[in-house]
Amino acid sequence: LSWIIWQSYSSFSSLKIISQNLVEYREQISNTFNEMTDIDYKHREVMNEKLKEVEIQKLQLEEEKRINELMLKKVNDLNENLEVKVKAARAEISSVLMTSNQIFFSIDNKGKVTQPISEHANDLFKKNIEGEKVSNILFPNLKPGMKKFEELKGNLFKSFGIENEMFSSIRQTFPKSVELAVGDKSERKVLKISYSPVVNEKNKVDKILCLVEDKTSESILTNRIKGH
């Protein structure tokens with residue numbers, strides 16, 4: 001009987017210990033679960049904050065893109081309007097010059113005569129001068145290799161693609177008058193020349209407009225007076 005009682009007590013003690021261990025283990029599991037739940041909650045909070053930040057950045061980028069697109073459209077509209085105005089102004093100037101008695105022609109960035117060209121210019125030089133080298137038309141006495149020719153050539157080519165203000169100083173180096181033979185070389189002309197820039201939509205020199213005045217009669221009269 002004593003043995004049975006001892007066994008029963010021993011079993012009871014073991015069960016009690018096991019029960020206590022189970023309670024402790026359950027508490028540990030519960031604590032661990034609570035900790036994991038707390039970590040998960042904090043993680044979700046951090047993620048939600050990150051998502052909000054990303055959403056705000058996305059909205060800011062979309063707004064910046066919208067503003068940039070509006071600004072680009074404004075710039076394009078202004079450029080188009082400016083180009084239209086420049087073309088209209090060129091057409092108007094060309095029309096006025098064409099209907100006047102002015103002698104004029106343009107020089108391109110290759111040093112060749114280009115439009116607009118007045119009919120009076122073709123009449124003066126006794127031929128169609130479009131496409132001719134301006135050196136052959138106005139300065140036939142200057143030959144490649146000559147100091148004056150090379151200086152004129154260098155300054156002429158430097159004139160293109162620059163702003164109007166810079167051109168004003170360079171054109172001071174261009175010849176303001178020339179004496180040359182035209183037609184069959186038997187007729188000599190004294191010409192006064194002025195140079196004006198033709199700018200593009202970026203206000204850069206695109207062509208050079210040469211206005212020519214025939215001063216032959218005045219020169220002959222002056223020489224006669226000096227002869228007397």
Side-chain angles (χ1 to χ4, degrees), residues 79-185 187-219:
N79 285 338
E80 287 178 4
N81 290 337
L82 180 60
E83 189 174 349
V84 169
K85 288 178 181 178
V86 169
K87 286 181 179 178
R90 284 181 181 173
E92 183 178 354
I93 292 171
S94 179
S95 176
V96 170
L97 290 172
M98 287 295 187
T99 55
S100 71
N101 291 323
Q102 287 282 348
I103 301 170
F104 65 88
F105 57 86
S106 300
I107 306 171
D108 64 17
N109 59 7
K110 295 179 181 178
K112 293 185 177 182
V113 177
T114 187
Q115 293 291 343
I117 304 169
S118 68
E119 285 299 323
H120 300 291
N122 291 328
D123 292 341
L124 173 66
F125 296 103
K126 311 295 184 184
K127 64 177 179 178
N128 182 1
I129 61 175
E130 184 172 5
E132 293 274 352
K133 289 183 178 180
V134 69
S135 57
N136 294 339
I137 298 298
L138 289 180
F139 318 111
N141 297 327
L142 298 181
K143 304 299 179 183
M146 296 174 62
K147 183 179 178 181
K148 286 186 177 181
F149 178 90
E150 298 302 331
E151 287 178 352
L152 177 58
K153 179 182 176 182
N155 288 329
L156 182 66
F157 286 127
K158 281 194 295 186
S159 301
F160 296 96
I162 62 174
E163 294 183 354
N164 190 9
E165 293 76 11
M166 294 179 65
F167 176 80
S168 297
S169 61
I170 291 179
R171 71 176 166 188
Q172 300 303 320
T173 66
F174 297 159
K176 296 174 178 59
S177 63
V178 294
E179 183 176 350
L180 47 83
V182 297
D184 59 2
K185 308 297 182 181
E187 185 179 0
R188 298 198 67 80
K189 293 284 186 182
V190 177
L191 307 177
K192 179 181 177 182
I193 313 166
S194 60
Y195 310 86
S196 298
V198 179
V199 298
N200 56 24
E201 61 276 4
K202 295 181 180 178
N203 200 35
K204 306 288 186 181
V205 177
D206 190 48
K207 297 178 183 179
I208 299 174
L209 184 68
C210 294
L211 294 174
V212 181
E213 294 181 68
D214 187 350
K215 296 291 185 178
T216 306
S217 298
E218 294 178 21
S219 177

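Heavy-atom basis, side chains included; hydrogens, waters and symmetry copies ignored. In what follows, residues are counted from 1 in the order of the sequence shown. Since this is a predicted model, take the numbers as computed values, not measurements.
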Under the side chain to side chain donor-acceptor pair (under 3.5 Å) test, which residues partner [X], sequence neighbours left out?
| X | result |
| --- | --- |
| Asn136 | none |
| Ser177 | none |
| Ser168 | none |

**Fill in**
By ring-ring contact (aromatic ring centres under 6.0 Å, His included), Phe125 pairs with (sequence neighbours left out) none

**Fill in**
Those residues at least two apart in sequence (or on a different chain) that pass ring-ring contact (aromatic ring centres under 6.0 Å, His included) with Phe139 are none

Listed partners of [X] passing side chain to side chain contact (heavy atoms under 4.5 Å, CB included), at least two apart:
| X | value |
| --- | --- |
| Asn109 | Phe160 |
| Glu130 | Gln115, Ile117, Asn128 |
| Lys176 | Gln172 |
| Phe149 | Ser135, Leu142, Pro144, Met146, Lys153 |

**Complete:** Residues pairing under salt bridge (charged side-chain N to carboxylate O under 4.0 Å, His left out) where one sits in residues 160-171, two or more places apart or in two chains, turn out to be Glu163-Lys204

**Prompt:** What side chain to side chain donor-acceptor pair (under 3.5 Å) pairs are there with at least one residue in residues 139-151, not counting sequence neighbours?
**Reply:** none

**Message:** For residues 190-217, which residue pairs pass the ring-ring contact (aromatic ring centres under 6.0 Å, His included) check, not counting sequence neighbours?
**Reply:** Phe174-Tyr195

